[in-house]
2 protein chains.
Amino acid sequence: MERVACIGASMTQFGQREGEWVRDLLAEAGEACLDDAGVHPDAVEHLYVSNMASGEFEGQTGVPNALAHDLACMPAYTARIDQTSSSGGAGIYAAWQSVASGASDMTMLVGGEKMTHRSTAEATDVIASLTHPVEYKHGVTLPSFAGLTARLYLSTYDAPRESLARVAVKNHQNGVDNPHAQFRKEVDLDTVMESPIVADPLRLYDFCPITDGSAALMFCPESVAKEYTDEYAVVSGIGGATDTHVVHERADPTTMRGVVESSDIAYEMAGLGPEDVDVAELHDMFTILEFLQSEDLGFFEKGEGWKAVDAGKTDRDGELPINTSGGLKSKGHPLGASGVAQAYEIYQQVLGGAGKRQVDADVGLACNVGGFGNCVTTTILERETA
Amino acid sequence: MERVACIGASMTQFGQREGEWVRDLLAEAGEACLDDAGVHPDAVEHLYVSNMASGEFEGQTGVPNALAHDLACMPAYTARIDQTSSSGGAGIYAAWQSVASGASDMTMLVGGEKMTHRSTAEATDVIASLTHPVEYKHGVTLPSFAGLTARLYLSTYDAPRESLARVAVKNHQNGVDNPHAQFRKEVDLDTVMESPIVADPLRLYDFCPITDGSAALMFCPESVAKEYTDEYAVVSGIGGATDTHVVHERADPTTMRGVVESSDIAYEMAGLGPEDVDVAELHDMFTILEFLQSEDLGFFEKGEGWKAVDAGKTDRDGELPINTSGGLKSKGHPLGASGVAQAYEIYQQVLGGAGKRQVDADVGLACNVGGFGNCVTTTILERETA
């Protein structure tokens, strides 16, 4: 079977996009992706939209059809892929499958979400609707899970609270050099450690913001890619997996089984291991999640992710740079866009287009987490030349 | 590339399922499908959920993760596929791609929607949110489009109003023998013709009801199918396509381009034409749509679908039985389930499991329409023996 290539990528400014709606953002990213790939709208055969909740946020559904219309991609087939906060990663998997199955020779994926017109409480409630009804009824939200998990991790692995704060400090540092990031400002350790408590022990700066934004990727068979460009990325590995829907049923809540299982599939498909990864984008919706993923992906031993951050190993100039984009923490987290934007960063890194954020990388990995690890996709991209 | 087989199917009772929620319905259909296919939950690698609007209808998202949990399918990958009223067909396409791409050797698709706890006005409004904002703002709903289109069709092709009513009469006749149908009662021509006007010239009995229900299908590579059964269905053709999102931009609103384009793809893949189809399930959300699809699929000449119905050609004992299940009209239309339930009927027909509804069929076709033809999927199933 022919490999699937990625030949173009785009993302909009992330942040507060007042007066615009999800279809405006999707159209902006989609148009930029067509331009970047040098693909005419007529050539697009499948068009997927990663979006969790345009109906709940805006009262607008049927968004993929609107996008096919706005980009003049008709009669391209289109559908929406929702996997809550990992809708973007699920969209990559859908797009990959559409090409790998032979159903489409040119598939565009556009992920996006418009959230900031709703209050933080309203947006948090829409997101919390993904939890098990029993959890939801008791007032559990994703931030509260994060607080409980952080407390357990810190005590189990004897990690200092400051290590969590260092994730925020690092990702904010990276975000400064990302022109698309919502926050482009450094924060110091004291600022994080003294910010208001949200879900003890986690504080305001341990959380990603609520964000509007969109990102897009163009996929095709490798043989088609060569008609468009001399240098492209190949999806050498991809996998997805679930963990329990009810978080308290997990034997060890500091391990995300979805990350372990999905990366096992992706590594096997790519014929690679964690030691081969040069750069990674992890789903740092909360600082604690970066520790868990960096361990469950096999980058570091269990309980030692915090030591790696403390030692600067995941800094931009470290041995394994993590979240060079600024991560969800400083780049922002427009649900349906986030997984796509992670892959956008990896695409830029392996092809040398990351500007000031550029690191030395041939192989990159993106890990997109839905819910509180309820479903995870892992994608590996590698540079390839025609 | 190996062909994709369907080795199991199920559907719940369609109708008003008071006190149950979409996850209850999905779990019921999913469990029945596992049983029907003889597949252990552990063997399921991908699990797709076709659902348009659980968030809008119930305030519940993350439904695929709930289902993976309830069916004990973890760590199977899961995601939700939404293509409004054709979410079921889009789910079939996603499931097909997952197997054809090699990503999964056993994929279950479960479609469902819980709607009847909301008023007709509320449900109609959720559905209308799929229209273009300009249309929505002017109060356009899908029933009003149907009225306009019916009027145009009747005048363009000099068809009598009674022909539309005969679609309802025929489909209600078929529904009597479908134990899962919402309405199991015959209606006569006068009853349809004298029912209250909803969107002139269409009357109450020209419309499908609002429905709760779920349906499921199990897909795997043909080589795997042979380990489970001696007789199965093969997805010999499948395709999807969009039409304009803004209905008034269509050159001829009596032609559904999405139906034409998606069936072209499906016929070409199957190496078949409309003349080879023995039985079909069409998306009769409104009676007028059955005429349009029967023509745009190539079964009858443009403007002659009504003559075929009048002549009894689409009756159960006619030359091309259409909607032997009772169609959306009498079986009901739980949005995310409908496309899956169409394929359920075709699966039963080609494998001889349709009971009193059984017709002589080796090749069957299902056409699932999203929005007002905004996106359409066409699926062809054929009987195969190991």
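Labels below follow one simple rule: chain letters A, B, ... track the order of the sequence lines, proteins then strands, and each chain is numbered from 1. Just so it is clear, the structure is predicted and the values come from calculations on it, not from any experiment.
- Contact of B:M269 with chain A is not made at all, since no heavy-atom distance falls under 4.5 Å.
- For the set B:A76, B:S54, B:C73, B:G59, the count of heavy-atom pairs under 4.5 angstrom toward chain A peaks at B:A76.
- Residue contact with chain A, scored on non-hydrogen atoms closer than 4.5 Å, involves the side chain of B:T84 exclusively.
- Within a 6.0 Å sphere centred on CD of B:E31, heavy atoms belonging to other residues, nucleotides or ligands number 12 at most.
- Here the closest non-hydrogen pair linking B:M74 and A:H245 is SD-N, 4.4 Å.
- Across A:S86, A:G240, A:P75, A:A100, the residue that shares the most heavy-atom pairs under 4.5 angstrom with chain B is A:P75.
- At a 4.5 Å heavy-atom cutoff, the contact between B:V246 and chain A is made by backbone and side-chain atoms alike.
- Contacts of B:E261 with chain A are made by side-chain atoms alone, with heavy-atom separations under 4.5 Å and no backbone atom involved.
- At a 4.5 Å heavy-atom cutoff, the contact between B:Y93 and chain A is made by side-chain atoms alone.
- Among A:I265, A:T242, A:L67, the residue with the largest count of heavy-atom pairs under 4.5 Å with chain B is A:T242.
- Smallest separation of non-hydrogen atoms from A:A94 and B:Q97: O-OE1, 3.9 Å.
- Interface remark: B:E249 contributes side-chain atoms only to the contact with chain A (heavy atom separation under 4.5 Å).
- The local environment of CD in B:E268 is sparse, with at most 12 non-hydrogen atoms from other residues, nucleotides or ligands closer than 6.0 Å.
- For B:T131, the part lying under 4.5 angstrom from a heavy atom of chain A is the backbone only.
- In terms of heavy-atom pairs under 4.5 Å with chain B, the best-connected choice from A:P133, A:S262, A:G258 is A:P133.
- Taking A:H69, A:E45, A:M52 one by one and counting their heavy-atom pairs under 4.5 Å with chain B, the maximum is reached by A:H69.
- Residue with the most contacts toward chain A among B:G239, B:C375, B:S101: B:S101 (heavy-atom pairs, distance under 4.5 Å).
- The parts of B:A79 that come within reach of chain A are both its backbone and its side chain, each placing non-hydrogen atoms under 4.5 angstrom from that chain.
- Separation of atoms CG (A:L130) and CG (B:N65) is listed at 7.5 Å; rounding is to 0.5 Å.
- Note: A:A103 leads A:A103, A:G371, A:G370 in heavy-atom pairs under 4.5 Å with chain B.
- Ranked by heavy-atom pairs under 4.5 Å with chain B, the first of A:A68, A:A66, A:A90 is A:A66.
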Evaluate the side-chain contact (heavy atoms from CB on, under 4.5 Å) criterion for residues A:H132 and B:Q60: first the C-alpha distance (whole Å), next the side-chain angles of each, then the deciding distance (0.1 Å), finally the verdict.
-> CA-CA 9 Å; A:H132 190 281; B:Q60 180 71 59; over 6 Å; no
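- When all heavy atoms of B:A241 and A:Y77 are compared, the closest pair comes out as N-CD1, 4.0 Å.
- Minimum interatomic distance between A:T61 and B:E56 (heavy atoms only, all atoms of both residues): CG2-OE2, 3.4 Å.
- A heavy-atom distance below 4.5 Å is found between the side chains of A:I81 and B:I81.
- Residue contact with chain A, scored on non-hydrogen atoms closer than 4.5 Å, involves the backbone of B:D243 exclusively.
- Only the side chain of B:M1 has a heavy atom closer than 4.5 Å to any heavy atom of chain A.
- Between A:P64 and B:Q83, the closest heavy-atom pair is CB-NE2, 4.4 Å.
- Heavy atoms of B:W21 lying under 4.5 Å from chain A are absent altogether.
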